[in-house]
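Worksheet: one structure, shown below.
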Amino acid sequence: MILLKTEKLTKTFGGKPAVYEVDAEFEAGKLYGLLGPNGSGKTTFMKMVAGLFYPTAGKITVMDGLSKTASKSKVAYMPTEPFFYDYMTVKTVGDFFKDFYEDFDPEWYKEQIEYMQLTPDLRIRALSSGMAAKLKVAVTMSRRASIYMLDEPLNGIDLVARDKIITSIIKRSAPDNTIIISSHLIDIMENLLDEVLFLKDGRTVLKGNAEETREKNGKSIADLYKEVYA
Amino acid sequence: MIAKLLKYELLRRKGPLTAFAVIFIVLEGLLLFGLFKGDAWIGLSIFMTILLIGGTYVFVLLDPIISFYSDIKNKHGYMLFLTPVNGYQIVGSKALFGFIQMFVAGAILFLTFVLNSKLTTHLYFTGTEIESLWNRISHDFKDFLPTLGQIIQFLVMVLLQWFNVIMMGIFAITLNKTIFSDNRHSFLLSLLMYVFLYVIIQTVTVAILAPFGLFGDMLRVQTSNGSIQGSLNVGKYTTLGMILNAFYILLFYFLSGRFLHKRVDL
């Protein structure tokens with residue numbers, strides 16, 4: 001079942017394309033890697049799907065063609081930047097999500113913040129960048145969404161926390177949802193990915209099943225990445 | 001959803017609102033101190049009165065605009081804009097919060113001044129002095145004193161006019177974000193757009209009021225030596241003012257909501 005489809009999706013800034021005519025389909029039960037260096041269009045692509053950017057041209061279809069507002073209740077997007085209000089605590093972040101998203105699971109969130117070694121009374125303004133990154137993953141993955149989009153979830157994370165975040169992501173993977181991850185850290189992510197989509201200067205340069213891509217090219221995704229973007 | 005948006009707007013504004021309340025209490029305390037001390041200290045009370053009115057006016061106008069600007073400019077706004085609510089609901093909640101804040105602040109200010117005037121009367125006047133002063137005002141200015149209905153009409157118009165300023169500010173910010181997206185000078189550009197919108201609105205208002213005799217009435221006020229009551233229908237202008245301001249508010253609300261929903265890159 002296709003949960004997300006983009007057709008000739010394009011976004012330009014000042015006439016320069018950040019994403020250009022990207023056609024992609026994201027199926028349920030799969031974990032996708034949206035790969036490319038900085039400026040390749042990964043974040044712009046995700047922000048358009050999340051409804052933060054409007055497309056210059058092309059079409060985004062979420063599930064059966066949900067409206068922009070309705071699709072936000074099915075898409076769980078985690079931006080790469082910290083995005084919580086300073087006045088909040090770890091607990092009020094959970095309360096906020098519980099109030100606005102019907103699919104939010106408070107029990108899961110409670111488990112996740114314990115697992116991430118965060119405490120409910122921690123103030124957002126007092127969080128280190130690593131703690132904020134863990135909180136972003138914890139709250140996003142506590143939704144039972146149909147589409148998860150995680151923009152650079154491993155940025156600024158130490159080795160121990162990386163494993164926790166990866167475990168948290170895998171735990172949420174299910175036959176009825178799709179997870180899209182953008183990351184520079186291909187060698188770490190490679191074994192998780194079912195499908196890959198390489199973006200370069202906003203255009204699709206390679207897409208397909210990760211295993212088939214490896215077999216066809218006779219090299220790992222990480223090596224292929226180095227070759228494409230060298 | 002609007003109730004939930006208002007709840008988090010209140011939680012978010014807790015800091016500035018508390019700071020405003022503390023400053024208000026300190027200024028009112030100084031005002032009362034001046035009243036009790038009397039003589040030259042009355043000057044302090046008058047100065048505090050001006051600060052209370054001016055400060056409240058600036059706070060209720062700027063606070064909702066700054067809050068909206070902060071959400072649209074900074075990444076924490078993603079928290080709000082990623083929720084499954086549309087642009088109209090977001091703008092509506094910001095505007096409604098601003099309106100409630102304006103109404104509550106106005107009511108507190110009014111009650112404070114009722115109490116202050118009662119205290120002033122108690123400290124410096126006798127009951128008969130006030131009564132005779134009121135009788136003299138009623139007699140000498142009977143042609144000029146407005147009725148209760150006119151006062152209410154005027155207050156509603158002022159409230160709508162203030163609210164219109166807030167909505168115009170919200171629209172200027174949305175329009176700037178729509179056209180220029182991430183610009184380093186977004187605050188300055190929003191301010192320029194606000195001034196531009198203000199000039200347009202004033203021009204349109206004058207053009208609409210002209211067929212209702214605006215220029216003739218202005219000429220009569222200038223040449224009347226203060227005896228125009230009866231021939232000048234002030235109620236006409238307050239009624240038109242209410243209708244026009246309500247129209248502008250709805251227009252800015254609709255346009256801001258639409259742009260935010262369809263055309264803004266956050």
Side-chain angles (χ1 to χ4, degrees), chain A residues 11-14 18-19 43-44 46-56 62 66-89 91-104 123-125 132 135-136 139-140 143 145 149 151, chain B residues 1-19 63 66-94 97 174-175 177-184 257-266:
Chain A
K11 179 69 186 175
T12 59
F13 293 107
V19 169
T43 298
T44 305
M46 285 188 168
K47 283 187 175 177
M48 280 193 282
V49 175
L52 293 175
F53 282 177
Y54 73 92
T56 310
V62 174
L66 294 174
S67 70
K68 185 179 168 182
T69 306
S71 70
K72 287 180 181 176
S73 61
K74 298 290 177 192
V75 176
Y77 169 58
M78 190 201 83
T80 188
E81 309 95 339
F83 67 106
F84 305 116
Y85 284 112
D86 269 356
Y87 78 85
M88 289 183 161
T89 61
K91 184 187 175 300
T92 47
V93 168
D95 293 341
F96 183 94
F97 270 67
K98 187 173 167 244
D99 275 342
F100 285 102
Y101 301 100
E102 283 178 9
D103 58 9
F104 186 73
R123 290 205 160 271
I124 296 302
R125 62 171 69 98
L135 179 61
K136 279 194 304 181
V139 77
T140 306
R143 286 183 58 191
M149 289 193 301
D151 195 359
Chain B
M1 277 296 182
I2 290 280
K4 287 174 185 169
L5 290 169
L6 287 175
K7 173 185 152 187
Y8 285 98
E9 191 65 23
L10 179 64
L11 287 174
R12 191 179 158 209
R13 312 306 302 146
K14 205 167 65 178
L17 286 171
T18 308
D63 189 56
I66 290 170
S67 161
F68 183 70
Y69 179 77
S70 171
D71 272 342
I72 217 164
K73 172 82 180 158
N74 300 306
K75 299 300 174 207
H76 62 228
Y78 284 179
M79 210 164 177
L80 175 66
F81 294 113
L82 283 171
T83 55
V85 293
N86 61 42
Y88 299 103
Q89 287 170 306
I90 290 173
V91 171
S93 69
K94 294 278 179 191
F97 190 85
T174 313
L175 191 62
K177 189 73 178 169
T178 306
I179 298 171
F180 298 110
S181 194
D182 266 336
N183 190 294
R184 278 194 303 144
R258 183 157 183 81
F259 284 177
L260 200 58
H261 192 56
K262 298 269 186 195
R263 310 300 302 172
V264 173
D265 288 331
L266 295 155

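This structure is a prediction, so every number in the text was calculated from the model and none was measured. Each chain gets a letter, A, B and so on, in the order the sequences are listed, and its residues count up from 1.
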Nearest-0.5 Å distance that lies between atom [atom1] in [X] and atom [atom2] in [Y]:
X        : Y       : atom1 : atom2 : result
B:Tyr8   : A:Thr92 : OH    : OG1   : 7.5 Å
A:Ile124 : B:His76 : CD1   : NE2   : 13.0 Å
A:Tyr85  : B:Lys75 : OH    : NZ    : 13.5 Å
A:Met88  : B:Arg12 : CE    : CZ    : 9.5 Å
B:Tyr78  : A:Glu81 : OH    : CD    : 5.0 Å

Q) Do B:His261 and A:Thr69 have side chains that get closer than 4.5 Å, going by heavy atoms? A)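 Sidechains of A:Thr69 and B:His261: in contact.
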
At a heavy-atom separation under 4.5 Å, does [X] approach chain B through its side chain, its backbone, both, or neither?
X        : value
A:Phe100 : both
A:Asp86  : neither
A:Tyr54  : both

[X], [atom1]: over 12 other non-hydrogen atoms inside 6.0 angstrom:
X        : atom1 : value
B:Lys73  : NZ    : yes
A:Lys47  : NZ    : yes
B:Arg258 : CZ    : no

Q.
Quick test of your reading of the model: are B:Asp265 and A:Lys11 salt-bridged, counting only N-O distances below 4.0 Å?
A.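 A salt bridge links B:Asp265 with A:Lys11.
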
Q: Determine the option with the most heavy-atom pairs under 4.5 angstrom with chain A, choosing from B:Leu266, B:Asn86, B:Leu82.
A: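 Result: the option with the highest number of such pairs is B:Leu82.
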
Q: Mind listing the closest non-hydrogen atom pair of B:Met79 and A:Val93 along with its distance?
A: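 Between these two residues, the closest heavy atoms are CE-CG1, 4.2 Å.
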
Q: Measure across A:Phe96 and B:Thr83 and return the closest heavy-atom pair with its distance rounded to 0.1 Å.
A: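 Looks like CE2-CG2, 3.7 Å.
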
Q) Given a strict heavy-atom distance threshold of 4.5 Å, which part of B:Lys14 is in contact with chain A: side chain, backbone, both, or neither? A)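 Neither part.
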
Q: Select one option (side chain, backbone, both, neither) describing which atoms of B:Asp71 are under 4.5 Å from chain A's heavy atoms.
A: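 It is the side chain, since no backbone atom gets that close.
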
(Q) For the interface with chain B, which of A:Phe83, A:Phe97, A:Tyr77 has the highest count of heavy-atom pairs at distances below 4.5 Å? (A)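 Top count of heavy-atom pairs under 4.5 Å with chain B: A:Phe83.
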
